[in-house]
Protein chains: 4
Amino acid sequence: MSNPILDAILAQGLTKWKTEKQRRVVETSIKMFAEKGYANTSTAEIARAAGVSEGTIFKHFGTKDHLLLSIIVPFVNDFFPVMAKEVLNDTLSENTKSFEQFLRDLLKNRVAFITENKEIFQVFIKEVIYREELKRELVPYFTKLVPPLFTNIVEQFKESGELIDLPADRILKSLLTLLGGFFVSRFLLMENYIISENEIEDVVQFVMNGLSKNQTAE
Amino acid sequence: MSNPILDAILAQGLTKWKTEKQRRVVETSIKMFAEKGYANTSTAEIARAAGVSEGTIFKHFGTKDHLLLSIIVPFVNDFFPVMAKEVLNDTLSENTKSFEQFLRDLLKNRVAFITENKEIFQVFIKEVIYREELKRELVPYFTKLVPPLFTNIVEQFKESGELIDLPADRILKSLLTLLGGFFVSRFLLMENYIISENEIEDVVQFVMNGLSKNQTAE
Amino acid sequence: MSNPILDAILAQGLTKWKTEKQRRVVETSIKMFAEKGYANTSTAEIARAAGVSEGTIFKHFGTKDHLLLSIIVPFVNDFFPVMAKEVLNDTLSENTKSFEQFLRDLLKNRVAFITENKEIFQVFIKEVIYREELKRELVPYFTKLVPPLFTNIVEQFKESGELIDLPADRILKSLLTLLGGFFVSRFLLMENYIISENEIEDVVQFVMNGLSKNQTAE
Amino acid sequence: MSNPILDAILAQGLTKWKTEKQRRVVETSIKMFAEKGYANTSTAEIARAAGVSEGTIFKHFGTKDHLLLSIIVPFVNDFFPVMAKEVLNDTLSENTKSFEQFLRDLLKNRVAFITENKEIFQVFIKEVIYREELKRELVPYFTKLVPPLFTNIVEQFKESGELIDLPADRILKSLLTLLGGFFVSRFLLMENYIISENEIEDVVQFVMNGLSKNQTAE
DNA sequence: GATGAATGAGATTTCATTCAT
DNA sequence: CATGAATGAAATCTCATTCAT
């Protein structure tokens with residue numbers, strides 16, 4: 001039942017790094033893990049690039065693995081909960097008149113967030129995909145956490161008649177697959193790529209109307 | 001300008017593995033690279049699991065890196081060209097009456113292919129995402145190769161009035177993003193997952209009509 | 001219930017070292033562990049003194065700890081079983097007329113054996129005393145194994161009237177304490193010390209008659 | 001000719017530890033050294049367990065080695081001199097009528113002392129046996145110091161006719177070997193073992209009369 | 001006096017690769 | 001073609017010790 005990585009995730013408070021050198025280690029690690037991957041980055045390289053001794057890294061983070069978690073955990077703690085509360089509820093209850101608008105706001109918000117944390121996002125995705133143990137522990141965490149966040153919204157707009165009359169889980173599967181592919185392709189495959197408002201709008205339109213022509217007219 | 005990996009890709013003929021032991025090495029490597037990633041699999045482990053000596057591996061493959069390429073290259077050589085010729089042209093000229101039908105056939109075909117080569121697909125994706133040098137060399141190869149394959153088809157169905165009136169590159173971006181997300185999520189994140197006909201149909205419908213309700217009516 | 005070190009002890013067959021280099025590693029380790037102790041001997045030192053690379057050590061022995069066991073285990077397997085069968089039974093049934101004679105023979109035999117394996121004996125004792133985990137696993141092994149070997153003999157000579165009329169366990173406790181102290185002091189504290197026939201005879205006399213004067217006569 | 005450890009032993013006065021934190025460091029070190037040995041206990045562990053900073057340890061003790069000496073030296077200074085004066089002389093001149101009684105008193109006294117200082121005794125023995133340099137410096141110290149303490153007594157009781165007519169050094173060798181084995185086995189191998197009056201009496205009887213039956217009779 | 005961040009030397013361990021058989 | 005012992009470079013990690021605060 002015990003899940004050490006999730007335990008670590010939960011245990012990690014909001015404590016930010018105590019010293020300048022620790023901060024430099026984390027920042028450097030993010031950059032190097034994002035570029036070459038965790039397994040291809042040595043602690044010696046990190047130490048050199050961060051201008052600290054290797055001892056310092058291990059003094060503070062214990063193991064290289066825990067250094068990785070020290071990067072991933074706060075990101076995970078920020079990414080989904082924030083999505084849950086700030087984005088979903090706030091957006092939904094006050095401003096949003098339509099699912100289309102909700103989707104547009106969500107996309108803009110998450111694109112902005114990931115653009116700001118692009119390298120951590122890369123590290124996170126790469127390691128979740130690459131390392132079986134991380135996948136085993138984190139993927140269920142998401143698949144349990146994320147769909148419920150959206151189910152209510154989808155149901156609501158199905159009732160209002162805006163969304164197609166399919167079971168919410170099937171709607172979400174398509175939607176999340178597209179959004180996942182969107183983020184991964186844009187932030188992992190196309191580096192240095194900047195997502196424009198127009199592109200977000202294309203995605204929104206694609207989600208809403210698909211590719212066939214005469215959806216609306218006549 | 002020289003590109004060693006592409007060179008290797010092109011140089012590699014259709015030669016299949018000569019000896020039983022070589023075959024076992026390749027098969028074992030695929031399994032282990034798929035599960036733990038290239039960087040986390042040692043040649044000693046492969047040798048043990050394949051029941052050969054480490055010497056044998058290096059006799060045949062020279063380096064561990066070349067062993068990886070010996071796995072990836074034939075896969076790449078199969079995946080896209082086959083897609084190009086067999087699927088696209090054949091499908092298009094003879095059977096296909098609509099883009100929707102083309103998309104359905106393409107998806108079924110590629111789902112079948114990847115299901116058969118699931119582990120190699122995992123190795124391929126993981127390493128392309130994980131290792132900068134591989135990404136730098138292979139991603140442009142795809143972005144140059146793949147869109148042209150589809151441009152004609154998209155244009156054709158735009159003219160026939162089935163597809164929305166957007167520039168082909170924007171249509172393709174949305175489409176390929178979705179399809180990429182579909183394959184990656186189904187084959188990398190959800191292991192042991194079997195894709196049903198129904199699910200393919202859901203994707204097709206989503207691509208064609210999106211999520212909003214009143215696509216057709218009134 | 002499982003006991004990894006005992007498992008290793010039992011698993012270890014009579015296989016002697018396969019290669020010359022491995023033999024040199026073991027021999028060098030014994031010398032260095034005996035002199036400076038396991039914890040104060042680095043694998044780098046061993047490699048240098050044995051004329052092999054560090055890699056070779058770890059290729060064959062896996063860990064430094066397993067190298068230690070590779071030394072201790074065959075020693076343990078030789079020391080006690082041999083004592084049990086060859087020394088006790090053979091000596092007892094055929095040659096021995098008295099407990100005194102049995103004790104004399106036993107002492108000579110074991111002194112000869114340990115003199116031949118002095119350094120391994122030192123390593124063994126030092127590590128059993130020094131490291132809690134080894135003690136926890138090996139001490140019960142001895143306290144279960146050794147006393148039964150002697151109980152019969154003691155009982156037999158109690159009946160024949162040669163030995164004092166005390167419970168065998170109390171006799172053995174005194175006897176084994178003395179013998180243990182004898183071996184440890186002579187082989188661990190006094191190095192380069194050679195045990196003479198006379199000294200063995202003194203021990204035998206001490207065991208039999210103690211230090212008080214008027215044991216026998218008048 | 002200079003002997004740093006002996007120098008330290010002599011230099012160390014009766015100064016007890018000045019601050020609470022120093023006391024905690026020493027106490028914690030004794031426990032941890034006794035359990036895992038000096039070499040397997042890090043100063044970081046000691047600091048954590050003692051609730052002080054690592055800096056504090058080095059502030060007071062300079063080096064880890066000196067911390068060990070700060071434990072061993074007062075013990076050595078207590079153990080033998082006290083034995084010399086209080087036990088030997090006092091006991092001898094006033095109360096003791098026989099060697100047997102002297103031995104009994106000595107054993108009771110030392111058993112009580114070591115029982116009280118069991119962990120320090122363990123540290124002391126372990127490190128003397130384990131580390132060559134300590135052995136080289138401390139063993140001669142004992143072999144020079146201890147036998148003279150007993151020679152007079154042995155000679156006296158040889159003259160009085162109680163003890164066997166052997167050279168004192170041979171008598172002492174047997175006796176000290178037994179006593180050493182007794183203390184080491186009881187306090188190092190059998191932990192949590194409590195030595196009873198009966199057991200002491202058994203040892204005394206063994207020393208005086210040995211194991212053979214008809215010492216006295218007829 | 002006390003702290004604990006930082007260090008660097010060195011320890012153990014891993015691993016792709018070589019090569020004699 | 002096949003082996004597996006051997007290597008050495010590099011990786012992760014440990015730890016006594018220093019020092020600014």
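Within every chain, numbering begins at 1; the chains are lettered A, B, ... in the order of the sequence lines, protein sequences first and strands thereafter.
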Checklist entry - So, is A/S53 close to the E/dT7 phosphate, meaning a side-chain N or O under 4.0 Å from OP1 or OP2? => result yes

Checklist entry - Roughly, in whole Å, what's the span from CD in B/E20 to C1' in F/dA2? => result 14 Å

Item to check | Backbone of C/Y38 reached by a side-chain donor or acceptor of C/E127 within 3.5 Å | outcome: yes

Checklist entry - In whole angstroms, how far is the C1' atom of E/dA9 from the CD atom of C/E45? => result 14 Å

Checklist entry - Can you tell me how far C1' of F/dT17 sits from CZ of D/F61, to the nearest Å? => result 15 Å

Checklist entry - Checking all strands, does C/T56 fall into the base, sugar-phosphate, or nothing category for heavy-atom contacts under 4.0 angstrom? => result base

Next on the checklist: Strictly below 4.0 Å: does B/T43 bring a side-chain N or O up to OP1 or OP2 of E/dA16?
Outcome noted: yes

Checklist entry - Rounded to the nearest 0.5 Å, what separation is found between the CG atom of C/L134 and the CG atom of C/L68? => result 6.5 Å

Item to check | Evaluation steps, side-chain contact (heavy atoms from CB on, under 4.5 Å), between A/E45 and A/K36 | outcome: CA-CA 11 Å; A/E45 284 177 289; A/K36 311 195 303 169; 2.5 Å; yes

Checklist entry - Taking atom P of E/dT17 as reference, at what distance in whole Å does atom CD1 of B/I46 sit? => result 11 Å

Next on the checklist: For the OG atom of C/S29 and the CD atom of C/E119, what is their distance to the nearest 0.5 Å?
Outcome noted: 11.5 Å

Item to check | Residue closer to the 5' end of DNA chain F, C/I57 versus A/F58 (nearest nucleotide) | outcome: C/I57

Next on the checklist: Nearest heavy atom decides the nucleotide; on that basis, is A/G51 or B/K64 closer to the 5' end of DNA chain E?
Outcome noted: A/G51

Checklist entry - Within the distance-only criterion (no hydrogens, no angle test), does the side chain of C/Y130 pair as donor or acceptor with the backbone N or O of D/A39 below 3.5 angstrom? => result yes

Next on the checklist: Please report the distance, rounded to the nearest Å, between NZ in D/K21 and P in E/dG4.
Outcome noted: 8 Å

Next on the checklist: Is the ring pair C/F75/C/F124 parallel, tilted or perpendicular, if the boundaries are 30 and 60 degrees?
Outcome noted: tilted

Next on the checklist: Whether C/H60 contacts F/dG4 is assessed here as follows: a side-chain N or O lying under 4.0 Å from the phosphate OP1 or OP2. Is that the case?
Outcome noted: no

Checklist outcome for this item: When rounded to whole Å, the CZ to P distance for the pair D/R48 and E/dA5 reads 13 Å

Checklist entry - Looking at E/dT13, E/dA2, F/dC15, which one has an atom nearest to any side-chain atom of D/S42? => result F/dC15

Item to check | For atom CD of A/E54 and atom P of F/dA11, their distance in whole Å | outcome: 9 Å

Next on the checklist: Let me spell it out: for each of B/K59 and A/A44, pick the nucleotide of DNA chain F with the closest heavy atom. Which residue's pick is nearer the 5' end?
Outcome noted: B/K59

Checklist entry - Salt bridge between D/R136 and D/E133, side-chain N to carboxylate O under 4.0 Å? => result no

Checklist entry - Rounded to the nearest Å, what distance is computed from the CZ atom of residue D/R24 to the C1' atom of nucleotide E/dG1? => result 13 Å

Next on the checklist: I'd like to know if the side chain of B/K126 and the backbone of B/L188 have a donor-acceptor N/O pair within less than 3.5 Å.
Outcome noted: no

Checklist outcome for this item: Residue pair C/D65/B/G55 against DNA chain E: nearer the 5' end by closest nucleotide is C/D65

Checklist outcome for this item: Under a 4.0 Å heavy-atom cutoff, the residues of residues 33-41 of chain C touching DNA chain F are none

Item to check | D/R23/D/E27 ion pair, N-O < 4.0 Å | outcome: yes

Checklist entry - So what does the secondary structure string of DNA chain F come out as, 5' to 3', with Watson-Crick or wobble pairs under 3.5 angstrom, [ ] for crossing and | for pairs with another strand? => result .||||||||||||||||||||

Checklist outcome for this item: Testing E/dT17, F/dC13, E/dA2 for proximity to the side chain of A/T63, the answer is F/dC13

Checklist entry - Got a salt bridge between B/K135 and B/E132, using NZ or NE/NH1/NH2 to carboxylate O under 4.0 Å? => result yes

